[in-house]
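Data first, discussion second: the structure below is written as structure tokens.
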Number of protein chains: 2
Amino acid sequence: MVNLDDVAKLAQVSPATVSRALSRPEMVAEATRKRILQAAQELGYQPNQLARSLRQRSSQTLGLIITDILNPFHATLAKGVQDAAEKHNYTVFLFNTDEDPEKERRALNVLRGHQPRGLLIVPSPQAKENLKLVTKLPIVELDRTSGTPGIRTVMVDNVGGARKAVQHLIDLGHRRIGMIVGRLDISTAVERLQGYREALQAAGIPYDETLVRLGNHREADGRAAAQALLSMPPDKRPTALFVGNNEMTVGAVLALREMGIRIPQELSVVGFDDSRWAATIEPALTVVAQPTYELGFLACETLLSSLSRGQDTLPTSIRLDTSFILRESTAPPGGRKNGLKKRRQS
Amino acid sequence: MVNLDDVAKLAQVSPATVSRALSRPEMVAEATRKRILQAAQELGYQPNQLARSLRQRSSQTLGLIITDILNPFHATLAKGVQDAAEKHNYTVFLFNTDEDPEKERRALNVLRGHQPRGLLIVPSPQAKENLKLVTKLPIVELDRTSGTPGIRTVMVDNVGGARKAVQHLIDLGHRRIGMIVGRLDISTAVERLQGYREALQAAGIPYDETLVRLGNHREADGRAAAQALLSMPPDKRPTALFVGNNEMTVGAVLALREMGIRIPQELSVVGFDDSRWAATIEPALTVVAQPTYELGFLACETLLSSLSRGQDTLPTSIRLDTSFILRESTAPPGGRKNGLKKRRQS
DNA sequence: TTGAAAGCGCTAACAT
DNA sequence: ATGTTAGCGCTTTCAA
């Protein structure tokens with residue numbers, strides 16, 4: 001590999017001058033700088049970041065830990081982070097935890113070895129414990145929070161989003177509204193459940209725990225939960241369903257399809273998180289949409305700006321708004337049709 | 001940060017011994033090793049990979065360059081690569097090129113600075129030129145090839161996959177079969193087009209270039225191409241459509257929907273690359289499915305084994321088989337129904 | 001089996 | 001404005 005010394009020799013200067021010409025051009029005379037740049041170009045020189053980072057005791061890399069890259073939501077998050085990082089000349093190490101705290105722990109340790117400048121993480125259920133491994137690192141949590149005090153977070157207004165969704169169902173006349181919610185050791189699930197409860201309460205509808213099913217965020221969980229809810233006696237079962245995340249929504253909808261339950265005639269459905277699938281399935285799904293890309297981008301910007309501004313910035317918690325997208329999967333209970341026209345509403 | 005010296009002091013040995021205890025345990029006496037491990041544990045020591053890689057002149061990192069992480073196909077590829085890399089204790093740098101050769105060039109340069117041990121790349125159209133930047137690096141191309149001689153590739157049997165798809169349409173009785181194909185400077189597009197032509201030829205159907213439309217892999221391109229094809233006069237327009245990649249298939253299907261053209265009664269459709277969307281849309285799409293995860297995993301395994309076995313391995317080109325999945329989007333021309341039952345066939 | 005010493009490629013004092 | 005020198009944290013001769 002061609003290194004600083006090679007360039008220095010070709011340009012007939014000392015290695016230090018080459019280093020300066022590349023990193024602090026203003027410290028080097030115009031002519032020498034040109035000569036050096038020319039030499040570097042000629043040799044195809046690329047600075048060794050390993051050496052540079054070792055010496056500066058600070059790298060131009062970030063760690064990104066998400067729970068499932070196959071989930072379009074997370075892929076979009078990753079893209080947002082990537083783009084922001086690239087804009088600031090940072091390179092990102094990507095890790096997947098599959099929601100497994102043990103994989104998260106390993107990822108954190110590996111990451112530690114690579115001396116990243118900061119960390120963006122969608123925390124697993126046990127992240128609070130795991131994050132003790134990297135206390136020295138500037139961290140931003142995105143999408144959800146581990147509850148670790150003093151950590152910056154960039155999230156969506158889950159409570160408000162859920163409230164809007166359930167409010168919509170109530171407005172249509174539903175009283176028995178089911179919810180499929182994620183694991184309660186994950187903050188988004190807790191918050192969306194809270195939004196559900198708030199909407200019910202505001203409408204004076206008592207909370208009925210038999211209508212709320214827990215799932216582990218996966219398609220299969222949504223499927224099982226929907227089956228359980230819909231096998232309740234007709235007068236007890238929900239007439240509408242609010243599903244707490246995208247994958248479980250898929251499972252629920254497919255289960256309903258298999259059971260021959262028509263949406264929205266027999267059951268109204270609202271999902272959390274939009275996707276192409278939700279928009280183009282039959283019937284098109286009414287959802288609470290999240291600014292996913294922006295979430296990732298902003299989280300990364302937040303991290304980077306806290307790096308450059310030093311430690312003095314207060315741990316901020318950013319909440320982005322969701323938007324409610326009305327499509328064709330909801331109708332008044334009992335089956336009168338509704339919503340054949342598409343429209344949006346904030 | 002706690003370093004080797006700290007551990008050495010605590011364990012009352014020299015730094016060299018600590019290094020050995022960690023990297024070549026067999027070179028250190030049982031007792032000392034235990035003491036050292038204990039000390040390392042106590043201090044929460046994590047080796048600095050930057051220093052280690054610098055010294056060894058070889059890192060435990062890989063570069064992965066894909067063209068679009070938002071495309072589930074690429075996300076799945078990335079997951080396969082990740083999993084294989086993790087299994088062998090490698091960490092991966094992820095880059096997105098968005099099919100932009102300039103972004104690819106930048107990614108390659110940045111990557112070079114981080115001294116990865118090898119590179120996995122889904123090459124952009126100008127990769128052949130760009131890859132000259134990293135001639136020293138062991139490379140595996142996946143999904144498609146840049147045509148650079150001597151480079152290992154892990155791809156799918158695109159010709160065979162396309163042939164099966166078109167053969168199926170021919171068997172149903174179609175003669176005017178349209179194809180929406182990707183940019184012809186991308187190998188997968190060329191190969192899939194070739195499979196299309198081979199199937200036609202084998203059936204004695206002349207190749208009609210007005211039935212073949214080029215697109216740039218995006219949903220919008222599939223949409224435009226489908227609109228163009230279907231606005232041909234009824235006696236000239238295709239009765240069946242083979243679409244060369246997943247995103248364009250989405251566009252084509254949505255365009256057909258908007259035009260009110262019923263699938264498969266008025267037009268049969270076969271896509272390349274399966275997805276949840278394809279499987280659950282109405283009607284469920286008949287597709288050529290790819291072993292995507294395996295493609296990524298295998299590509300990474302191939303790269304890593306070539307690293308450990310040294311340079312002597314021959315540049316291998318691996319082809320994985322596709323599988324044809326018959327669902328509900330194809331029928332004989334003229335509208336007789338078919339394929340309401342789902343089944344698979346290799 | 002262990003330690004001393006050199007050096008990977010770079011940057012940052014400190015000198016000139 | 002440029003050069004000299006030391007050292008980031010680690011591994012690897014070489015010597016004991």
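Naming: A, B, ... by sequence-line order, numbering from 1 per chain. Since the structure is predicted, the reported quantities are computational estimates derived from the model, not experimental observations.
Between B/Lys136 atom NZ and B/Gln115 atom CD the span is 12.0 Å, to the nearest 0.5 Å.
The pair A/Arg106-B/Glu86 meets the salt-bridge criterion, with a side-chain N (NZ, NE, NH1 or NH2) lying under 4.0 Å from an Asp/Glu carboxylate O. With salt bridges taken as basic N to acidic carboxylate O contacts below 4.0 Å, none links A/Lys128 and A/Asp185. One finds no salt bridge joining B/Glu129 and B/Arg105 here, because no Lys/Arg side-chain nitrogen approaches an Asp/Glu carboxylate oxygen to under 4.0 Å.
Counting any heavy atom pair closer than 4.0 Å across all strands shown, B/Thr32 reaches sugar-phosphate atoms only and no base atom. At the heavy-atom level, B/Arg33 lies nowhere under 4.0 Å from the strands shown.
Between the B/Arg112 side chain and the B/Val134 main chain, no donor and acceptor come within less than 3.5 Å of each other.
Using a 4.0 Å cut-off, some side-chain N or O of B/Thr17 falls inside it from OP1 or OP2 of C/dG3.
Side-chain contact annotation: B/Thr91 with A/His114, donor-acceptor N/O pair under 3.5 Å present. If you check the side chains of B/Ser53 and B/Gln49, you find no donor sitting under 3.5 Å from an acceptor.
The distance from atom CE of B/Met27 to atom P of C/dT2 is 10 Å, rounded to the nearest whole Å. Atom NZ in B/Lys9 sits about 15 Å away from atom C1' in C/dG3, given to the nearest Å.
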Check against side-chain contact (heavy atoms from CB on, under 4.5 Å), A/Tyr45 and A/Leu22: CA-CA 11 Å; A/Tyr45 171 70; A/Leu22 267 37; 3.4 Å; yes

Under 4.0 Å protein heavy-atom contact, by nucleotide of nucleotides 5-11 of chain C - B base, S sugar-phosphate only: -BBBBBB

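Close approach of DNA chain D to chain A, defined as any atom under 4.0 Å from a non-hydrogen atom of the protein, starts and stops at D/dA1 to D/dG9.
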